[in-house]
Protein chains: 2
Amino acid sequence: MASSDQAVVTEFFAEGHDHSACREAALAAAEAICRTRGMRFTRLRRRVLELIWDRDYPVKAYELLEQLRGERSGAAPPTVYRTLDFLLREGFIHRVESLNAYIGCGDPGHAHPVQLLVCRHCYKVAELADDDVARLLQQKAYARGFAVDAAVVELEGVCPRCGG
Amino acid sequence: MASSDQAVVTEFFAEGHDHSACREAALAAAEAICRTRGMRFTRLRRRVLELIWDRDYPVKAYELLEQLRGERSGAAPPTVYRTLDFLLREGFIHRVESLNAYIGCGDPGHAHPVQLLVCRHCYKVAELADDDVARLLQQKAYARGFAVDAAVVELEGVCPRCGG
DNA sequence: GGATAGTTTGATACTATATAACATAAAGAG
DNA sequence: CTCTTTATGTTATATAGTATCAAACTATCC
C-alpha cells in the first residue's frame, strides 16, 4: 500500500462520516476550482452538485430532474445531462456505470484514479482511488500493446457496515 | 505476470485473429457446457450467440433485436434481454458496461476474472482476464473491510492496431 | 401415452436513460 | 455597447430495459 494516495479514500462507510461537512467542502472546492480554471460555477451547476451531495447514495439523472422541476419551470432532460457532463468533466462528480448514477467526488481538484466500491446491500459507494491498482492495470494493458486513457473500475460487494 | 492466466487472453487485436474459428469453438463449447449443466441450448439462444459472434465488435441489444426480427415473427425486447441474461449467467458472453453492449466470451466454461480493453478508435474489445489484477483489487478492497463479489473493469484506450 | 410441473418464448405495454437540434438568454471581451 | 461565446430553454426523439400474463414447449412420472 506504500504508494497509494490514502488522502483520497473517502470513509463513506464509516459510522462517523460527516456527510454534510463533505458536502460543504466539496461545494467550496468546486467553486474555487472553477474560479482558477475560468469556468462558470452557475446557479444550476451549483444546485445540481448540491442535490447530488444532499443524498449520500448515488443519484440518478431523473431523480435530479424531478427535484429541479420543483424549483425551475422548464427543467428537462438536457438540463440535467448537460450539467452532469460539466460536473464530470471538471471532476466534481463520478458516474457509477453499473448503476447509471452519480456521486460527488470526495477529492475534486486532485487528479486521482477512480475505483469505486459499490455495496450491493445499502448501495452506498466509496472511492478507492488507489495508485497501485491504476499502475498495475496500465502495465498489464501496456504488455498487450494497449495504451490506456481511462478506466472504469467498480467493485460490487458488501461494505463493512453491512457485514462485508 | 507469473500467475496470470494467459490462456484466456484473446488476441482480438492481432492481424491474424481468426474470428470465425473462435465463433465455431465458442458455439461448440456453449453447447457442450449446457449439456453438462443440464441447461437447454435452444435455437433462440444459439442464434443470439451466433449473432453476437458474427460481428467482432460489441453488439447492442437492439441490433440483435432488429436482426432477430428478420427471422422470427414476434421478436421483442424481452426476447433479446432474456436470452442475453441466460448467456451472461452461463458465462458465454460479457456485457461491456461502458458501451451498453455485449461480446462473446473467448473462454466460456473456465471461470476467470473479466477485465476488458476497449479501443476508443476501432471499438474492438479484448479480454485481459488477469488474476494479478483481480487479486490486487480484492486485497485493496478487503483492506477497507469491503468484500468483493463481482467487478467491472474496463480500460478505454487505443489498441495496438490503431496505434496504441 | 396422458397428466402435470417446470421452463421457455410470445405478446403487449410500459418505464428508464440519454441525445439531437434549434431557439433564447446570459456573461465576458473588446 | 456590441459582439462572441457559453449556458440554458424547449421540443422532439432515440436508445435501453422491465413488468406482466398467456401460450407453447420439454421432461418426467405414473
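Scope of the values below: all heavy atoms of this structure, side chains included, with no hydrogens, waters or symmetry mates. The chains referred to below are lettered A, B, ... by the order of the sequence lines, with proteins before strands, and numbering in each begins at 1.
Comparing B:F86 and B:G74 along DNA chain C, the residue whose closest nucleotide (by nearest heavy atom) sits nearer the 5' end is B:F86.
One atom, CZ of B:R69, and another, P of C:dA11, lie 11 Å apart when rounded to the nearest Å. For the pair B:L44 CG and C:dG10 C1', the interatomic distance rounds to 11 Å; values are reported in whole Å. In this structure, CG of B:N100 is placed 9 Å from C1' of C:dT17, rounded to the nearest angstrom. The separation between B:E66 atom CD and D:dA14 atom C1' is 13 Å, rounded to whole Å. At whole-Å resolution of the value, OH in A:Y81 and P in D:dT15 are 15 Å apart. Taking atom CG of A:L68 as the reference point, atom C1' of D:dT8 lies 12 Å away to the nearest angstrom. Residue A:L64 contributes atom CG, which lies 14 Å from atom C1' of C:dA18 at whole-angstrom precision. The distance between atom CZ of B:R43 and atom P of C:dT9, rounded to the nearest whole Å, is 11 Å.
Residues B:Y123 and B:C159 form no side-chain contact, since every pair of their non-hydrogen atoms from C-beta on lies 4.5 Å or further apart.
In the set D:dT10, D:dG17, C:dG10, D:dG17 carries the atom at the smallest distance from any side-chain atom of B:P77. Across D:dT26, C:dA18, D:dT11, the shortest atom-to-atom separation from the side chain of B:R40 is found for D:dT26. Nearest nucleotide to the B:S73 side chain, out of C:dA18, C:dT9, C:dA11: C:dA11. For A:T42, the listed nucleotide lying nearest its side chain is D:dA7; candidates were D:dA16, D:dA7, D:dT11. Considering only side-chain atoms of B:R95, the nucleotide from D:dG17, C:dT8, D:dT11 that sits closest is D:dG17. For A:R72, whose side chain is taken as the heavy atoms from C-beta onward, the closest listed nucleotide among C:dT12, D:dG9, D:dG17 is D:dG9. Comparing C:dT8, D:dT18, D:dT11 by their nearest atom to the side chain of B:R45 picks out C:dT8.
Relative ring orientation between B:W53 and B:H19 is described as tilted, the plane-to-plane angle lying within the 30° to 60° band.
The base of C:dG10 sits within donor-acceptor range of the side chain of B:R82, with an N or O pair under 3.5 Å.
Between A:Y62 and C:dT17, a base-stacking contact is recorded: ring centres under 5.5 Å apart, planes less than 30° from parallel.
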**Request:** Output, in order, the C-alpha distance, side-chain angles, deciding distance and verdict of side chain to side chain donor-acceptor pair (under 3.5 Å) for B:E97 and A:S98.
**Result:** CA-CA 7 Å; B:E97 289 289 337; A:S98 54; over 6 Å; no
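A sub-4.0 Å separation between OP1 or OP2 of C:dA16 and a side-chain N or O of A:K60 is absent. Residue B:Y102 places at least one side-chain N or O closer than 4.0 Å to OP1 or OP2 of D:dG17.
Across all non-hydrogen atoms, the minimal contact from A:A61 to A:V80 is O-CG1, 3.6 Å.
Using modelled atom types and a 3.5 Å distance limit, the side chains of B:D18 and B:S20 yield a donor-acceptor pair.
Residue B:F41 is classed as having no contact, given no heavy-atom separation below 4.0 Å to the nucleic acid.
Ion pairing between a basic and an acidic side chain is recognised when a charged N comes within 4.0 Å of a carboxylate O; A:R45 and A:E90 show no such pairing.
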